[in-house]
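Take a look at the structure below.
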Protein chains: 2
Amino acid sequence: MKIKIGIYGYGNLGRGIESAIRQNSDMELVAVFTRRDPATLKINTPDVAVCAADTVKDFIGKIDVMILCGGSATDLPTQTPQLASMFNVVDSFDTHAKIPEHFANVDAIAKKESKIAMISVGWDPGMFSLNRLYAGAILPEGKDYTFWGKGVSQGHSDAVRRIEGVLDARQYTIPVDEALDAVRSGVCPELTTRDKHIRECFVVAAENADKALIEKQIKEMPNYFADYNTIVHFITEEEMKRDHSGIPHGGFVIRTGKTGLNSQHNHIIEYSLKLDSNPEFTASVIVAFARAAYRMNKNGESGCKTVFDVPPALLSVKPYEELIKELL
Amino acid sequence: MKIKIGIYGYGNLGRGIESAIRQNSDMELVAVFTRRDPATLKINTPDVAVCAADTVKDFIGKIDVMILCGGSATDLPTQTPQLASMFNVVDSFDTHAKIPEHFANVDAIAKKESKIAMISVGWDPGMFSLNRLYAGAILPEGKDYTFWGKGVSQGHSDAVRRIEGVLDARQYTIPVDEALDAVRSGVCPELTTRDKHIRECFVVAAENADKALIEKQIKEMPNYFADYNTIVHFITEEEMKRDHSGIPHGGFVIRTGKTGLNSQHNHIIEYSLKLDSNPEFTASVIVAFARAAYRMNKNGESGCKTVFDVPPALLSVKPYEELIKELL
């Protein structure tokens with residue numbers, strides 16, 4: 001009996017989930033749900049139903065875990081609670097500041113309906129969060145650092161695209177090597193936003209656009225760019241297509257800490273990711289946690305859960321005895 | 001109410017546990033148990049009892065978690081089951097091949113007595129195992145690599161010390177940079193034992209010893225050195241004391257894997273440790289898992305557990321709401 005998965009929303013993340021399911025022999029994709037006209041949607045898996053989002057309730061009992069692939073700004077705050085009333089669900093809600101509120105909303109419904117609703121799954125929040133937790137629990141006297149990149153920030157790319165005269169834009173977040181080295185040296189540096197990351201923008205401008213003005217508007221944009229050293233390159237549409245069509249990302253979680261009667265010993269714990277495809281890797285994490293959500297629900301658990309609640313063994317397709325023998 | 005900890009065995013690891021407990025405000029050390037004459041043992045914490053190992057049963061009900069600090073070869077196979085009949089216990093059993101057998105022995109007794117017995121806790125087995133599991137669950141199409149070092153191998157140092165004419169010895173395991181680079185490139189290289197690690201020995205020889213013979217005996221020693229490129233340096237007792245008194249260690253767990261409909265995207269997950277003191281870091285990991293063992297037992301769980309069974313939130317002294325808010 002395979003774990004029956006539904007995909008709710010079919011953008012980059014949804015396609016990543018579809019692809020990841022193929023790599024997991026204990027899972028099968030049952031249906032993809034979309035708010036677009038289902039007839040217009042071509043998916044990559046033959047013989048899988050594409051259904052209108054508002055028919056989802058017909059699949060109660062036919063889907064073990066629904067994976068929500070909408071955005072955190074407007075989709076997930078309503079979709080996750082709504083769908084958790086019908087299915088075990090996993091989402092990748094990533095508005096860090098609003099996680100407690102989202103948790104509370106989802107928890108009430110999931111508990112009432114005896115479902116598992118796992119929120120904020122991916123790599124940050126997700127695997128990076130786990131590594132912050134593990135490292136902090138092991139080295140209580142220490143300091144955490146998270147660096148992102150090199151990778152494409154969708155939010156920052158969108159912000160540049162909204163500037164008048166910009167036809168297309170791609171923004172890379174780049175960790176500063178000197179800052180990484182300082183952290184790894186164990187000196188526990190105090191780092192400002194500007195010290196940690198550079199922002200590099202590739203911009204396709206309209207023909208008669210004022211490039212100097214665009215560059216100024218980017219560099220002075222509050223929240224997005226003003227606190228960073230920002231580099232702006234103007235390129236052609238062809239160059240954009242040729243050199244910047246990927247969605248790579250990654251980053252580093254580093255904790256340095258001290259042990260010993262006189263705090264005389266230094267330790268460095270580092271976790272890093274280097275990803276060719278941000279959405280596909282996020283999807284791969286989500287699919288493993290969907291397995292755990294299914295198993296936790298089978299074990300009688302319910303309510304809102306995060307990566308912090310999941311016994312790691314539940315993530316693996318391998319039997320426990322094999323894990324003990326081969327990986328421990 | 002603090003978690004009451006006992007330490008069973010007071011060598012490097014036991015002292016590390018004692019020191020780690022001071023960094024965790026929710027724990028207190030109740031007693032240290034030793035097979036030596038307790039009167040001869042000076043510990044670093046005032047007002048804590050030092051007791052003979054055979055009085056341990058007098059502490060039933062007075063200690064929440066007993067941390068076993070004996071060796072894997074002869075101590076833990078008997079001590080862990082024995083003490084799991086009286087206390088929640090944590091050990092660092094690290095004979096990988098015998099873990100399934102140790103698990104079965106411990107599980108039976110711990111279940112019978114409704115205790116949690118957490119085995120093989122530390123960094124390998126332990127944190128490295130966890131990272132192998134997480135990475136493998138996320139990237140099913142991929143390959144794992146574990147490198148150790150640079151660090152002191154106690155077992156290999158001991159093996160060199162047993163050679164006639166050797167007064168003292170220290171062996172460092174060193175990962176080969178070219179092998180690490182090849183793994184990180186994502187090409188999934190097949191690496192032999194010799195490709196992955198170098199063994200470097202620092203030896204103090206007796207005055208009239210045949211150094212050439214000692215070097216030959218080291219380099220040809222089966223299991224320990226014959227399969228490696230080994231470097232031997234002869235040094236003085238003073239140099240040994242001055243330059244090689246620390247017990248550093250560390251290593252790398254790397255998984256590279258592919259995603260995408262045509263496996264066209266590469267991903268690299270890397271976890272690394274750089275430790276000034278192997279026993280103190282191991283102790284720090286164990287103390288965090290002792291907290292989890294205590295909480296799992298309070299929740300009504302029992303039996304043998306490993307790091308794979310522990311919901312990460314149970315490791316942290318911080319309340320769940322704070323974890324969600326600050327670390328997720």
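All values below come from the heavy atoms of this structure, side chains included, with hydrogens, waters and symmetry mates left out. Everything numeric here is computed off the predicted structure, so don't read it as measured data.
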Okay, B/Phe103 and chain A: the region with an atom under 4.5 Å from a heavy atom over there is side chain
Exercise for the section: Taking the side chain as every heavy atom from C-beta outward, state whether A/Arg15 and A/Ile17 have any pair of such atoms under 4.5 Å apart. Expected result: no
Applying a strict 4.5 Å limit to non-hydrogen atoms, the region of A/Asp144 in contact with chain B is side chain
Heavy-atom check, side chain of A/Asn278 versus side chain of B/His265, under 4.5 Å: no
Validation row: A/Leu328, B/Pro125 side chains within 4.5 angstrom (heavy atoms):
yes
For A/Phe308, is there any backbone N or O sitting under 3.5 Å from a side-chain donor or acceptor partner on A/Thr306? yes
If one checks every heavy atom of A/Leu139 against chain B at 4.5 Å, the contacting part turns out to be side chain
Okay, A/Val317 and chain B: the region with an atom under 4.5 Å from a heavy atom over there is neither
Using 30° and 60° as the class limits, which term best fits the ring planes of B/His267 and A/Phe281: parallel, tilted or perpendicular? tilted
Quick check: do A/Glu270 and B/Glu270 have side-chain heavy atoms less than 4.5 Å from each other? no
The interface call for A/Leu130 against chain B, heavy-atom contacts under 4.5 Å, is side chain
So, the part of A/Phe252 with a heavy atom under 4.5 Å from chain B: the answer is neither
Between A/Phe93 and A/Ser120 the two heavy atoms that sit nearest each other are O-OG, 2.8 Å
Counting heavy-atom pairs under 4.5 angstrom with chain B, the leader among A/Leu133, A/Leu315, A/Leu273, A/Val287 is A/Leu133
Looking only at A/Asn24, A/Val310, A/Thr146, A/Leu314, most heavy-atom pairs under 4.5 Å shared with chain B are made by A/Val310
Bottom line for B/Asp94: the part with an atom under 4.5 Å from chain A's heavy atoms is neither
So, the part of A/Asp309 with a heavy atom under 4.5 Å from chain B: the answer is both
Greatest number of non-hydrogen atom pairs under 4.5 angstrom with chain B, of A/Gly250, A/Ser25, A/Ser277, falls to A/Ser277
Scored by heavy-atom pairs under 4.5 Å with chain A, the best of B/Arg291, B/Lys325, B/Arg132, B/Glu280 is B/Glu280
Whatever's closer than 4.5 Å to a heavy atom in chain B on A/Val307 counts as both
Scored by heavy-atom pairs under 4.5 Å with chain A, the best of B/Ser284, B/Gly16, B/Ser272, B/Ser263 is B/Ser272
Decide whether B/Gln23 and A/Thr259 meet the rule of one side-chain donor and one side-chain acceptor closer than 3.5 Å.
no
Discussion item. Assess whether a salt bridge exists between A/Lys318 and A/Asp26, defined as any Lys/Arg side-chain N lying under 4.0 Å from an Asp/Glu carboxylate O.
Written reply: no
Bottom line for A/Tyr320: the part with an atom under 4.5 Å from chain B's heavy atoms is side chain
Greatest number of non-hydrogen atom pairs under 4.5 angstrom with chain B, of A/Val285, A/Leu261, A/Thr256, A/Val253, falls to A/Leu261
_Salt-bridge present (B/Arg184, B/Asp177; N to O < 4.0 Å)_ = no
Most contact-rich option vs chain A, by heavy-atom pairs under 4.5 angstrom, among B/Leu323, B/Ile254, B/Asn266, is B/Asn266
Among A/Ser316, A/Gly260, A/Ala288, the residue with the most heavy-atom pairs under 4.5 Å to chain B is A/Gly260
Subject >> Residues A/Glu18 and A/Thr45: side-chain donor-acceptor under 3.5 angstrom >> reply: yes
